[in-house]
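So the structure is just underneath, and the comments pick up after that.
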Amino acid sequence: MLRKKLAVLLATAMVAASIVGCGGADQAAAPADGAPAAADDAAAEDAAPAEDAADDAAADDAAEAPAASGDVITVGYAQVGHESDWRTANTQNYQDVFSAENGYELSLIDCDNDNAVQLEAVRNFITQQLDYIVIAPIETAGWDTVLQEAQDAGIPVIIADREIDADASLYDAWVGTNTKNEGVTAGNWLAEYLDGKEANILIIEGSVGASAALGRSEGFDEVAAQHSEWKILDHQSGDFTQDGGQEVMESFIKSYEGQFNVVVCHNDNEAYGAMDAMDAAGITYGVDGDVIIISFDATHDGLQYTLDGKINCNVECNPIQAAVVAEVIQKMQNGESFEATTLVNDEAFVAPGIESQYATTMTEEILAGRAY
Ligand code: AHR
């Protein structure tokens, strides 16, 4: 078993963030709480496709490079669970990138959205003395002790997908998306679409305590606060699941039938559940309906609904992150400098017939290119 901490100590962690497909000085340093700085909408819009391609190619190369020493690199991934299509795509992506063929032995634990199980999974990785630990944290809070244990054991930790509240000195790198920016994009699109008309909004949030839910709420609320003609009627957690989305929407319909014209769902699976509940209640939605639907994730099926005009706007959260994590690991492995914070770029998509400065209008070609 190789001890990688030495290589990590020798490496000079670049304080400047590497931003995959997203330029902007805002992300130049990892803040003390470990969260990436808020992305700037304009900077994200300006990202050069050529840079995207170059960064993606570099990440792909790193993902495919075998361990420099010829030894297998052992990686533990404490995955959130299997709550959504996004999560399934993310798990598959890790299995593809951290394969035996690529020189890795991946121990992936599905933590079933249970914090205790996730902490135990990380502790097992430490006991097994794996070379690297990757954590997609279920919740932002409660990480200090176990991260200290990993650090004491000399095992580098990469936080992926979501953010945590712990001091950045307790882990080595962070890779993920800017969920606050996703919420801001959703809000900006709604303001543009409504153009001053009233909005009575219901929000089906993601899992309580998850940074993906907190960030999307924070970003959307920030835009909502600038619109006195908007009213948020209610917000409840649908736990990022289809069943959760349906249950919350059924309860919203009982309380607010006839009073709402916007439903914001924190992921595609919640949106599917909400649409089922509205179908059952005879409520129309989408571009030809009474209710505007905003979703997040932009997975294949979510984009199919967007193309069909059922979801008005779908803000992407990119699950394809493993190659970037592998690139960081390869640099640590080689004793090279590595990125402390890597932001994976997101786009937004709108239904045909909608033109937006914040989102791309959906086409069959875009859907055909969406593998997950
Ligand atoms: O952390 C990413 C979020 O978690 C995705 O939006 C959601 O689908 C997943 O469960």
Side-chain angles (χ1 to χ4, degrees), residues 34-36 39 77-94 108-115 117-118 134-141 143 158-165 174-186 203-220 237-246 248 264-275 293-306 311 313-322 324-325 342-349 370 372:
Y77 185 30
Q79 174 63 292
V80 168
H82 51 274
E83 70 283 1
S84 63
D85 295 353
W86 188 101
R87 192 61 57 192
T88 303
N90 180 259
T91 292
Q92 186 61 56
N93 180 232
Y94 271 83
L108 190 148
I109 304 294
D110 176 337
C111 300
D112 201 17
N113 222 18
D114 184 326
N115 286 310
V117 171
Q118 192 164 45
V134 184
I135 305 168
I138 295 167
E139 288 191 6
T140 55
W143 287 100
I158 298 164
I159 305 297
D161 164 25
R162 297 181 182 170
E163 298 159 28
I164 55 174
D165 283 336
W174 180 90
V175 172
T177 62
N178 189 319
T179 54
K180 180 183 174 190
N181 194 48
E182 292 164 9
V184 168
T185 300
I203 303 178
I204 305 178
E205 294 172 334
S207 302
V208 175
S211 72
L214 296 166
R216 286 168 196 163
S217 290
E218 189 186 349
F220 187 82
S237 170
D239 220 5
F240 283 130
T241 66
Q242 181 160 346
D243 286 352
Q246 183 167 348
V248 171
V264 179
C265 304
H266 273 187
N267 77 351
D268 283 336
N269 292 82
E270 290 182 341
Y272 310 152
M275 289 189 282
I293 298 190
I294 296 174
S295 183
F296 293 87
D297 279 2
T299 53
H300 181 278
D301 291 359
L303 287 185
Q304 177 72 66
Y305 281 110
T306 313
I311 291 175
C313 176
N314 204 329
V315 182
E316 183 183 34
C317 176
N318 192 339
I320 306 306
Q321 303 179 359
V324 184
V325 173
T342 306
L343 193 58
V344 178
N345 194 32
D346 292 324
E347 284 186 71
F349 301 92
R370 179 63 44 137
Y372 49 87

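Owing to the predicted nature of the structure, the values given are computational and were not obtained by experimental measurement. Basis for what follows: all heavy atoms, side chains included, without hydrogens, waters or symmetry-related copies. Numbering of ligands and ligand atoms starts at 1, following listing order.
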- Query: Among Asp161, Thr177, Asp239, which one has a heavy atom closest to atom 2 (C) of ligand 1?
  - Reply: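 Among Asp161, Thr177, Asp239, the closest heavy atom to atom 2 (C) of ligand 1 comes from Asp161.
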- Message: Among Glu270, His82, Arg162, which one puts a heavy atom closest to atom 3 (C) of ligand 1?
- Response: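 Going through Glu270, His82, Arg162 one by one, Arg162 has the nearest heavy atom to atom 3 (C) of ligand 1.
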- Query: Can you find a heavy atom in the side chain of Asp301 that is under 4.5 Å from one in the side chain of Tyr272?
  - Reply: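 Yes - at least one pair of side-chain heavy atoms lies under 4.5 Å apart.
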- Message: Could you tell me if the side chain of Asp268 sits less than 4.5 Å from the side chain of Asn314, heavy atoms only?
- Response: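 Yes. Closest side-chain heavy atoms under 4.5 Å.
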- Can you list the steps and then say if Gln79 with Asn90 is a side-chain hydrogen bond (donor to acceptor under 3.5 Å, both in side chains)? CA-CA 9 Å; Gln79 174 63 292; Asn90 180 259; 2.8 Å; yes
- Query: Is the shortest N/O to N/O distance between Asn267 and ligand 1 below 3.5 Å?
  - Reply: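 N/O-N/O distance under 3.5 Å: yes.
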- Query: Any donor-acceptor pair under 3.5 Å linking the side chain of Ser295 with the backbone of Val264?
  - Reply: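 Judged by distance alone, no pair lies under 3.5 Å.
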- Polar side-chain atom of Asn269 near backbone of Asp85 as donor-acceptor pair, under 3.5 Å: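 Side chain of Asn269 to backbone of Asp85, a donor-acceptor pair under 3.5 Å: yes, one is there.
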- Distance to 0.1 Å, residue and atom name: give those for the protein heavy atom nearest to atom 10 (O) of ligand 1.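 Its nearest protein heavy-atom neighbour is Glu83 OE2, 2.4 Å.
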- Query: Looking at atom 8 (O) of ligand 1, what's its closest protein heavy atom, distance included?
  - Reply: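 Of the protein heavy atoms, Asp297 OD2, 2.6 Å lies nearest.
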- Do Glu182 and Thr177 have side-chain atoms, one donor and one acceptor, less than 3.5 Å apart?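 Side chains of Glu182 and Thr177: pair found under 3.5 Å.
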- Task: Just let me know how Arg216 lines up against ligand 1, side chain, backbone, both or neither, with a heavy-atom cut-off below 4.0 Å.
- Result: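 Contact part for Arg216 vs ligand 1: side chain (C-beta onward).
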- Message: Suppose I only count heavy atoms of Ser84 and a 4.0 Å limit; which atoms of ligand 1 are within that range?
- Response: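 Ligand 1 atoms under the 4.0 Å threshold to Ser84: 7 (C), 8 (O), 9 (C), 10 (O).
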